[in-house]
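Here the structure comes first, spelled out in structure tokens, and everything after it is commentary.
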Amino acid sequence: MSEDNNRDSLIAAARMALENSYSPYSKFRVGAALHFADGTVVTGTNIENASYGLALCAETVAVAKAMDDGHRGGLEEVAVIGETAAPITPCGRCRQVLNELAGLGGTDPVVWCAGEDDVVKTHLSDLLPQAFGPASLKG
Ligand code: THU
């Protein structure tokens with residue numbers, strides 16, 4: 001599969017995921033999709049709460065679903081999409097959450113940041129340089 005096909009299908013999966021968004025407060029639907037080395041794709045969408053600060057981002061939901069399915073590393077690509085013209089990037093908390101899973105497999109996943117009109121390719125290490133991770137706890 002060419003990189004572009006991979007990109008387009010992962011973004012399509014993220015876009016489908018946002019159909020299940022529960023975002024009555026922000027009305028900002030977000031979808032995320034994770035592609036693993038074994039070919040698995042795990043998606044997530046944002047889930048808000050009447051206690052606004054408890055909102056779960058799409059990427060964090062996807063990571064939780066993947067880890068609950070047993071994934072520990074092998075994270076090769078991430079796609080995130082919002083319903084804005086310009087691409088959205090993962091929030092700071094989601095970068096940290098993605099970093100934990102990626103670090104378990106020693107990968108630096110491509111992150112496709114998508115909007116309705118544009119896609120930007122980046123890597124997790126560019127979004128979260130000098131990350132705090134498990135090794136940081138050991139000094
Ligand atoms: N949101 C995500 O799902 N992912 C991000 O990386 C940024 C923000 C969600 C959280 C909230 O439900 C809505 O977008 C508005 O901030």
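Keep in mind the model is a prediction, meaning the values are calculated, not measured.
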With sequence neighbours excluded, residues passing side chain to side chain donor-acceptor pair (under 3.5 Å) with [X]:
{"X": "D38", "answer": "T40"}
{"X": "S23", "answer": "S21"}
{"X": "E76", "answer": "none"}

Of all the heavy-atom pairs spanning [X] and [Y], show the shortest one and how long it is.
{"X": "G115", "Y": "I81", "result": "O-CD1, 4.1 Å"}
{"X": "A32", "Y": "A17", "result": "O-CB, 4.2 Å"}
{"X": "V78", "Y": "L10", "result": "C-CD2, 3.9 Å"}

Please list, one pair per line, the donor and acceptor atoms closer than 3.5 Å that link side chains of residues 51-72 to other protein atoms, with sequence neighbours excluded.
unit_1	atom_1	unit_2	atom_2	d
K65	NZ	T43	O	2.8
R72	NH1	M67	O	2.9

Residue pairs passing the ring pair (Phe, Tyr, Trp, His ring centres under 6.0 Å) test with at least one member in residues 82-112, sequence neighbours excluded, are none
List for me each residue that meets salt bridge (charged side-chain N to carboxylate O under 4.0 Å, His left out) alongside R15, sequence neighbours excluded, and say none if there are none.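 Checked R15 against salt bridge (charged side-chain N to carboxylate O under 4.0 Å, His left out); matches are E116.
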Which salt bridge (charged side-chain N to carboxylate O under 4.0 Å, His left out) pairs, counting each pair once, include a residue from residues 26-35, with sequence neighbours left out? E19-R29, R29-E83
Side chain proximity check, V119 to I11, heavy atoms < 4.5 angstrom: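 Yes, side chains in contact.
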Which distance, rounded to the nearest 0.5 Å, do you find between the OG1 of T84 and the CG of D118?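 Answer rounded to 0.5 Å: 10.5 Å.
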Go through the structure and list residues passing side-chain contact (heavy atoms from CB on, under 4.5 Å) with [X], not counting sequence neighbours.
{"X": "P129", "value": "none"}
{"X": "Y22", "value": "P24, Y25, I47"}
{"X": "D126", "value": "T122, H123"}

With side chain to side chain contact (heavy atoms under 4.5 Å, CB included) as the criterion, how do V80 and V30 come out once you've worked through the C-alpha distance, each side chain's angles and the decisive distance to 0.1 Å? CA-CA 7 Å; V80 57; V30 180; 3.8 Å; yes
Just distance, no hydrogens or angles: give the donor-acceptor pairs under 3.5 Å from side chains in residues 95-110, sequence neighbours left out.
unit_1	atom_1	unit_2	atom_2	d
R95	NE	P90	O	2.6
R95	NH1	L127	O	3.0
R95	NH2	T89	OG1	3.1
R95	NH2	P90	O	2.9
Q96	NE2	F132	O	2.8
T107	OG1	L75	O	2.6
D108	OD1	L124	N	3.3
D108	OD1	S125	N	2.9
D108	OD1	S125	OG	3.4
D108	OD2	S125	OG	2.6

Whether N46 side chain and F28 backbone form a donor-acceptor pair below 3.5 Å: yes
